[in-house]
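Since the structure comes first, as structure tokens, the remarks are kept for the end.
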Amino acid sequence: MSELAPAYDPAQVEDRLYRQWIDRGDYRANPDSKKPGYAIVIPPPNVTGILTLGHVLNNTIQDILARRARLLGREVLWLPGTDHAGIATQTVVERTLKKEGKIRHRDDLGREEFLKQVWQWKEKHGGIIIQQLRKLGASCDWSRERFTMDSAYSTCVQQVFVDLYQKKMIYRGRRMVNWCPVSRTALSDEEVIMKEQKGLLYHFRVPVAGETEKFLTIATTRPETIPGDTAIAVNPKDPRYASLIGQHAVRPLPPELPEDQRRIPIVGDEHVDMTFGTGVLKVTPAHDPADFLIGQKHKLPSIEVIDESGFMNSHAGSVLAGLDRAKARVAAADQLRELGLLEKEEPYVNQVGFSERADVPVEPRLSEQWFLKYPSAEKSRSIVSSKKLRFFPERWSKVYDHWMENLQDWCISRQLWWGHRIPVWYRGDEVRCQVDSPGSDWRQDPDVLDTWFSSWLWPFATMGWPEKTAELKKFYPTTDLVTGPDIIFFWVARMIMAGFEYMGELPFQNVYFTGLIRDAKGRKLSKSLGNSPDPLDLIAKYGADGLRFGLLRIAPQGADIRYDEKQMEEGRNFANKLWNACRFRQQQGPSDPAANPSRHARTPFSDSLLAQLDKLERDLEPLYAGYEFSQIAQALYGFVWDEFCARFIETAKADFMNPDSPTRAGTLATADYVLSRVLRLLHPFMPFITEELWLTLGLGKTTIQYSDWPKIGEVSWDPAQAQMAETCYETADAGRKLRGEFGLSGSAKMKFQLVPKAKTPPTPEDLRTLAKLLQVGGVELVSIAPKAPMTPAPWGELYLPLEGLLDPVKEKARLEKEILAAETSRARENAKLADPKMLEKAPPEKVAEWRKIEQEASEKILRLREQIKLFTT
RNA sequence: GCGCGCUUAGCUCAGCGGUAGAGCGGCUGCCUUACACGCAGUUGGUCGGAGGUUCAAAUCCUUCAGCGCGCACCA
């Protein structure tokens with residue numbers, strides 16, 4: 001047994017142990033195992049991603065669940081992998097190639113060559129995050145690592161497409177979609193983020209055709225789309241304008257067009273809000289979803305004035321053509337002003353949709369796209385509302401339900417190259433949907449599928465579907481899913497639907513949603529703000545265990561997390577505390593892995609510790625059931641620090657230093673027994689240090705990872721003894737407080753005196769322990785109250801003789817302050833007990849409790865009054 | 001606009017019907033033979049405001065305010 005170093009150094013331990021675990025194949029899941037299965041699939045991070053604190057939180061929670069399941073004797077599969085992340089990856093590679101001067105645009109390379117570059121890039125830079133997860137201690141089955149573009153996985157994706165096509169759930173249509181002008185692709189509604197924008201509301205006039213000096217005034221935020229207007233709409237119920245319906249107006253832009261080509265109808269439409277702006281709406285069917293519908297209803301032509309990159313085209317007129325849409329807005333307003341048609345511009349705040357990835361305003365655009373009607377939607381909705389599939393925290397189920405209630409067809413095609421190509425083939429007018437090419441004269445659809453169209457199959461496509469594999473049989477449905485609430489629609493909801501559609505069963509039983517990590521100012525962590533710490537740096541500073549524990553301790557269920565590095569420091573300190581507790585035990589001689597404290601004579605302190613351990617183990621169960629990880633961490637922290645170290649070890653020192661003590665063996669056995677259990681309870685949170693201590697102390701012959709989870713109720717102790725320990729601790733607390741009030745620290749020279757009062761007075765051994773707790777040279781029993789500062793304590797009156805230091809006036813004041821506190825407490829209880837209604841309606845055990853408090857306060861007052869007399873003569 | 005969440009000590013949060021708690025910070029004193037990544041003590045709150053229910057409310061209900069988030073085709 002090697003001797004533990006005075007301070008825990010994670011660097012000496014973590015990599016070494018992790019290599020051992022992996023080399024031994026500790027996390028290989030065996031689908032043929034007889035043990036009950038437990039499975040988690042990792043939310044696949046982007047291949048191009050690097051580890052963030054969000055990943056640390058998310059994966060630590062998964063690791064805690066996986067490790068605990070192993071200890072509970074389950075066959076655990078934690079399946080890792082990465083996502084090809086279509087837009088994100090393609091953008092990164094494109095940008096890199098541009099920066100290197102290799103291309104100006106992806107078209108310079110062509111599809112095939114470009115994809116080759118992406119694959120190369122993926123081989124070189126991809127999967128960094130997987131290596132980083134290992135530093136965290138993630139117990140994934142790396143032999144099963146999957147990638148959403150693996151060939152087997154790709155086949156799954158395409159088969160699902162073909163199947164849904166055949167079921168007529170997938171269809172092609174020319175529709176208004178969200179278009180990202182930077183990535184030049186369609187997006188789903190979920191990829192559009194509404195942001196508040198401060199802009200201007202432009203009021204401009206439109207002459208009514210055939211009338212002189214008659215104008216309609218229109219309010220718009222987008223004057224640049226005026227050249228695309230093909231109608232003016234008013235509400236038919238609007239008395240101001242109803243009479244104009246059927247007439248025409250003259251669109252002011254582009255001014256160089258002859259007037260007859262700018263003549264547009266005035267239509268009546270219920271959609272127009274009479275109370276907004278001027279009550280007159282310009283209709284641009286090509287660039288606004290609502291206008292598109294109006295256009296269809298009234299069979300209006302559509303004029304596209306913005307191209308796929310967000311620049312104005314020739315239809316916008318000579319002034320605007322070639323301008324970026326933002327610049328065109330200003331230019332169009334200038335044009336109106338020059339024409340004398342701009343009435344006013346007023347500041348205006350509105351909601352504008354932004355592309356999630358490129359962070360630019362999306363452009364509603366009419367185009368040919370593939371859409372999916374969601375399958376198994378009804379079942380997927382009710383499984384959550386009926387709580388058969390449970391969300392933690394529960395309130396997210398409402399968000400889910402609301403989305404499911406308003407399901408819109410999913411635009412699944414993307415005008416990108418990196419991704420799963422749509423398995424649809426064309427030859428002339430013929431269309432075929434199948435995985436393989438029907439022949440060399442067939443041309444495949446150029447688009448790829450939305451990344452989420454592959455990730456939604458993750459829970460079963462990673463386990464060999466559509467084959468009926470042993471893995472699927474053993475591990476599907478998976479048990480827990482841990483993810484962020486930001487992808488509840490993107491991923492969670494869709495996985496549930498795919499699970500029902502293709503496995504006939506829900507993909508997971510519980511979903512735990514983590515909080516978002518924010519900085520001390522409450523801002524989201526992001527690279528651009530520079531407030532996102534590198535987890536690897538944190539691991540180097542505090543150790544993986546310290547980081548894990550520190551982060552989890554401040555991660556309340558369902559709430560966002562204010563990140564503070566101080567907390568990671570505390571995680572490290574805690575690891576060190578645990579280390580030293582074990583080191584101290586080691587210094588007393590070898591540990592006994594089969595230690596059983598009930599076979600030995602014990603001090604009351606041992607019984608007290610065993611009682612607290614039992615309580616801890618019982619408390620943990622409901623906390624795990626509710627996924628209350630921060631509270632679990634808190635409970636473990638408190639037990640180790642306060643119960644084991646501050647109370648038990650301090651009192652055990654008396655035994656340890658006396659080889660002849662009759663309770664020495666019992667105290668050692670208690671220490672071993674409790675440490676053995678506590679290390680196992682801590683292991684899911686702190687895998688490295690617990691393994692190192694477990695093996696070094698010899699509490700187990702083999703790895704702690706496959707030991708067992710302590711069973712509740714195995715601990716036995718004597719409640720009377722535990723209570724006695726409590727008496728001693730409380731007496732010591734009172735004494736320390738008294739000492740503290742005189743600004744003194746403990747010293748060997750200091751002595752306390754005790755006038756005993758309890759039924760069972762302390763033994764000489766107890767007094768030595770009390771002295772140890774008080775950090776003084778000794779406590780002696782006396783029969784007559786000395787003229788010295790006193791505090792009432794459970795064992796009796798505790799005196800601190802202070803020769804020459806005692807000021808009677810100050811001492812009297814101190815005692816009076818104590819009396820006042822006791823009187824306040826007594827008065828509060830008295831008030832309650834004096835209320836007859838309260839006595840009548842409150843439960844008797846509560847009344848008894850209040851009586852007891854009242855009595856104790858009264859007694860304390862008496863004792864203090866007695867003492868005060870000594871200083872008044 | 002609809003929905004959800006939060007508001008408790010200087011900070012981060014727990015408590016969710018029966019004497020206001022923890023950690024950190026601040027202050028004071030200690031290198032006490034496991035740990036200064038430590039030990040001991042101490043400071044500090046009319047539990048966002050206003051009503052109500054109850055013998056009893058930080059805790060339940062109503063309402064208001066501030067903050068945050070999600071959803072939503074008001075140009």
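Order of the sequence lines fixes the chain letters, A, B, ..., with proteins taken first and strands second; residue numbering starts at 1 for each chain.
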Could you check whether A/Tyr348 gets within reach of a base, just the sugar-phosphate, or nothing at all, counting any heavy atom under 4.0 Å?
sugar-phosphate
If we take the C1' atom in both B/rU8 and B/rC2, what is their distance in whole Å?
30 Å
Categorize A/Ile554 for me: base, sugar-phosphate, or nothing, with a 4.0 angstrom heavy-atom threshold over every strand shown.
nothing
Nucleotide B/rA75, atom C1' - distance to CZ of A/Arg222 in whole Å
11 Å
Looking at A/Gln631, does any N or O in its side chain come under 4.0 Å of the phosphate oxygens OP1/OP2 on B/rA22?
no
Please classify the nucleic acid contact of A/Cys645 as base, sugar-phosphate, or nothing, using heavy-atom distances under 4.0 Å.
base
Between B/rU19 and A/Arg828, is there an OP1 or OP2 to side-chain N/O distance shorter than 4.0 Å?
no
Of the options B/rA75, B/rG18, B/rG41, whose atoms approach the side-chain atoms of A/Met838 most closely?
B/rG18
Between the CZ atom in A/Arg325 and the CD1 atom in A/Ile306, the distance rounded to the nearest 0.5 Å is 7.0 Å
Result for side-chain contact (heavy atoms from CB on, under 4.5 Å) between A/Val280 and one of A/Thr217, A/Thr220, A/Ile232 points to A/Ile232
Between B/rA72, B/rG5, B/rC39, which nucleotide has the shortest distance from any of its atoms to the side chain of A/Arg395?
B/rG5
Nearest-0.5 Å distance that lies between atom CG in A/Leu682 and atom OH in A/Tyr637
12.5 Å
Which nucleotide in the set B/rC24, B/rA75, B/rC35 lies at the smallest distance from any side-chain heavy atom of A/Lys566?
B/rC24
Per A/His271 side chain, nearest of listed nucleotides B/rC73, B/rC35, B/rA56:
B/rC73
What nucleic acid atoms does A/Glu840 come within less than 4.0 Å of, heavy atoms only: base, sugar-phosphate, or nothing?
nothing
Side chains of A/Glu191 and A/Ser188: do they bring a donor and an acceptor to under 3.5 Å?
yes
Nearest heavy-atom neighbours spanning A/Phe685 and A/Ala633
CE2-CB, 3.9 Å
Below 4.0 Å: OP1/OP2 of B/rG38 and any side-chain N or O of A/Asn573:
yes
Just to be sure I understand the rule, does A/Arg585 reach a base, reach only the sugar-phosphate, or reach nothing, if contact means heavy atoms closer than 4.0 Å?
nothing
Could you state the NZ-P distance from A/Lys737 to B/rC39, rounded to the nearest angstrom?
21 Å
C1' gap between B/rG18 and B/rU54, integer Å
12 Å
Pairwise C1' distance for B/rA9 and B/rC4, with rounding to whole Å
28 Å
At under 4.0 Å, does any side-chain N or O of A/Lys577 touch on OP1 or OP2 of B/rA36?
no
With a 4.0 Å cut-off on heavy atoms, is A/Glu650 in touch with a base, just the backbone sugar-phosphate, or nothing at all?
base
Kindly point out which of B/rC4, B/rG23, B/rU42 is positioned nearest to the side chain of A/Arg553?
B/rG23
Between A/Arg222 and A/His287, which heavy-atom pair has the shortest distance, and what is it?
NH1-O, 4.0 Å
Using atom P in both nucleotides, what's the gap between B/rA14 and B/rA57 to the nearest angstrom?
24 Å
Gap in Å between the two C1' atoms, one belonging to B/rC35 and one to B/rG21, rounded
27 Å
Value for CD (A/Glu356) from CZ (A/Phe490), rounded to nearest 0.5 Å, stands at 4.5 Å
Quiz question: by atom type and distance under 3.5 Å, do the side chains of A/Ser385 and A/Asp401 form a donor-acceptor pair?
no
So that I can compare with my own list, what are the stems of RNA chain B, taken as at least three consecutive Watson-Crick or G-U pairs with distances under 3.5 Å?
B:1-7 with B:65-71, B:10-13 with B:21-24, B:26-30 with B:38-42, B:48-52 with B:60-64
To the nearest 0.5 Å, how far apart are CD in A/Glu818 and OG1 in A/Thr791?
5.0 Å
Please confirm whether the shortest side-chain N or O distance from A/Lys541 to OP1 or OP2 of B/rC37 is below 4.0 Å.
no
Rounded to whole Å, CZ of A/Arg562 lies from P of B/rC69 at a distance of 11 Å
Taking only the side-chain nitrogens and oxygens of A/Tyr8, find out if one of them lies under 4.0 Å from OP1 or OP2 of B/rA34.
no
With heavy atoms under 4.0 Å as the rule, sort A/Leu839 into base, sugar-phosphate or nothing.
nothing
Return the value, rounded to whole Å, for the distance between atom CZ of A/Phe584 and atom P of B/rU32.
14 Å
Please classify the nucleic acid contact of A/Pro485 as base, sugar-phosphate, or nothing, using heavy-atom distances under 4.0 Å.
nothing
Taking atom P of B/rA22 as reference, at what distance in whole Å does atom CD of A/Glu570 sit?
14 Å
Inter-nucleotide C1' distance (B/rG17, B/rG52), Å rounded:
16 Å
To the nearest angstrom, how far is A/Asp835 atom CG from B/rG18 atom P?
18 Å
Side-chain atoms of A/Ile853 come closest, of B/rG41, B/rU19, B/rC4, to B/rU19
What heavy-atom pair brings A/Leu699 and A/Asp672 nearest, and what distance separates the two atoms?
CD2-O, 4.0 Å
Whole-Å distance separating the CH2 atom of A/Trp403 from the P atom of B/rG3
21 Å
For B/rC55, take OP1 and OP2 only and decide whether either is under 4.0 Å from a side-chain N or O of A/Lys841.
yes
If each of A/Glu628 and A/Lys846 is mapped to the nucleotide of RNA chain B with the nearest heavy atom, which maps nearer the 5' terminus, i.e. the 5' end?
A/Glu628
Residue closer to the 5' end of RNA chain B, A/Arg583 versus A/Arg572 (nearest nucleotide):
A/Arg583
How far does the P atom of B/rU53 sit from the matching atom of B/rU19, given to the nearest Å?
23 Å
A/Phe549 atom CZ is separated from B/rG23 atom P, nearest whole Å, by 13 Å
For the P atoms, the ones on B/rU7 and on B/rA58, what distance do you get once it is rounded to whole angstrom?
15 Å
By the 4.0 Å heavy-atom rule, please label A/Trp396 as base, sugar-phosphate, or nothing.
nothing
A/Trp641 vs B/rC39: side-chain N/O to OP1/OP2 distance below 4.0 Å
yes
Between A/Phe648 and A/Phe605, which heavy-atom pair has the shortest distance, and what is it?
CD1-O, 4.0 Å
Which nucleotide in the set B/rA75, B/rU32, B/rG70 lies at the smallest distance from any side-chain heavy atom of A/Gln775?
B/rU32
